Student: 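Here it is, the structure in full.
Predicted model only: the values in this text are computed from it and were never measured. The first residue of the sequence shown is numbered 1, and numbering continues consecutively from there.
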Amino acid sequence: MVLWTVDAAAAKSFIARKLEEDVRTYLILFKSVSVLRHKSRAEHLRIIDAMRELEYSAGAVIINKNSKDDENFYLIHDGEVKLTELTSELTEPTSDASPGARSTGPRRRSRRLRVGDTFGASAFTSAQLRAYTATALTRTLVLVLDRVSSQQLLGPIMSDNIRHV
């Protein structure tokens with residue numbers, strides 16, 4: 001086993017550089033997010049202070065359909081996420097079905113989200129259960145704001161500008 005020691009000044013310097021790098025990266029990312037791009041630098045810094053970064057491995061479930069436990073707003077920082085929803089819409093007939101036949105089973109609808117996309121905002125505007133499952137398709141880093149922080153920092157724009165996903 002190898003043991004390294006670092007003096008306090010070096011540790012503080014490393015942490016400060018890492019924090020500055022993260023802030024620069026987040027500020028660039030915020031410019032691509034419709035709900036954040038019009039905020040001031042000071043507002044962006046308050047949002048960064050309130051956010052936490054979470055990492056999910058490929059295949060990990062971030063949000064479970066019908067969950068009411070998760071009341072977070074997610075911003076994809078790196079990776080890809082698939083939103084999957086089962087709807088009560090009619091499914092398309094299969095190729096071997098008779099002409100005009102329709103199935104009444106649930107239909108699976110999915111959407112792929114990438115860096116700069118957001119999800120989870122619908123938890124702020126309604127008391128409904130989550131309508132979809134969010135799954136990491138690759139190793140994914142998300143920036144997360146909880147409901148209280150989101151409402152304080154993003155305010156009414158949450159319900160006006162964020163798609164209900």
Student: Quick one: does Asn72's side chain get under 4.5 Å of Val142's, heavy atoms only?
Tutor: no
Student: Can you confirm whether Thr135 sits close enough to Thr84 that some side-chain heavy atom of one is under 4.5 Å from a side-chain heavy atom of the other?
Tutor: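 With C-beta onward as the side chain, the pair stays apart.
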Student: Can you list everything that forms a side-chain hydrogen bond (donor to acceptor under 3.5 Å, both in side chains) with Arg24? Sequence neighbours excluded, please.
Tutor: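 For Arg24 there are no side-chain hydrogen bond (donor to acceptor under 3.5 Å, both in side chains) partners, ignoring immediate neighbours.
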Student: Work out which heavy atom in Arg17 is nearest to a heavy atom in Ser13; give both atom names and the distance.
Tutor: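 So the minimum-distance heavy-atom pair works out to NH1-OG, 2.7 Å.
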Student: Would you name the heavy atoms of Ser57 and Ala136 that are closest together and state the gap between them?
Tutor: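 Shortest heavy-atom contact: O-CB, 3.5 Å.
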Student: Under the criterion side-chain contact (heavy atoms from CB on, under 4.5 Å), which of Thr118, Leu29, Ile47 is the partner of Leu36?
Tutor: Ile47
Student: Taking the side chain as everything from C-beta on, heavy atoms only, tell me whether Glu43 gets closer than 4.5 Å to Phe30.
Tutor: no
Student: Using a 4.5 Å cut-off on heavy atoms from C-beta on, say whether the side chain of Lys39 contacts that of Val33.
Tutor: no
Student: So, for Leu83 and Ala134, which heavy atoms are closest and what is the spacing to 0.1 Å?
Tutor: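 Heavy atoms only, the tightest pair is CD2-CB, 3.5 Å.
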Student: Once you round to the nearest 0.5 Å, how far does CG of Asp22 lie from CG of Leu143?
Tutor: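 It is 9.0 Å, given to the nearest 0.5 Å.
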Student: Could you list the residues that satisfy side-chain contact (heavy atoms from CB on, under 4.5 Å) with Asp49, not counting sequence neighbours?
Tutor: none
Student: For Leu27, which residues count as a side-chain contact (heavy atoms from CB on, under 4.5 Å) partner, sequence neighbours excluded?
Tutor: Val23, Arg41, His44, Ile48
Student: Would you be so kind as to tabulate the donor-acceptor pairs closer than 3.5 Å made by side chains of residues 75-82, with sequence neighbours excluded?
Tutor:
from	atom 1	to	atom 2	distance (Å)
Asp78	OD2	Arg139	NH1	3.2
Glu80	OE1	Arg112	NH1	2.9

Student: Tracing side-chain links under 4.5 Å among I, L, V, M, F, W and Y, which residues wind up in one group with Val2?
Tutor: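 Members alongside Val2: Trp4.
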Student: What is the ring orientation for Phe119 with Tyr74, classed by angle as parallel under 30°, tilted 30 to 60°, or perpendicular over 60°?
Tutor: parallel
Student: Once you round to the nearest 0.5 Å, how far does CG of Leu137 lie from CG of Leu113?
Tutor: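 It is 9.0 Å, given to the nearest 0.5 Å.
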Student: Linking Ile, Leu, Val, Met, Phe, Trp and Tyr through side-chain heavy atoms less than 4.5 Å apart, which residues share a cluster with Phe14?
Tutor: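 Via sub-4.5 Å side-chain contacts, Phe14 links to Ile15.
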Student: Can you tell me how far CG of Leu141 sits from OH of Tyr56, rounded to the nearest 0.5 angstrom?
Tutor: 10.5 Å
Student: If you compare all heavy atoms of Ser32 against all heavy atoms of Gly116, which two are closest, and at what distance to 0.1 Å?
Tutor: OG-CA, 4.1 Å
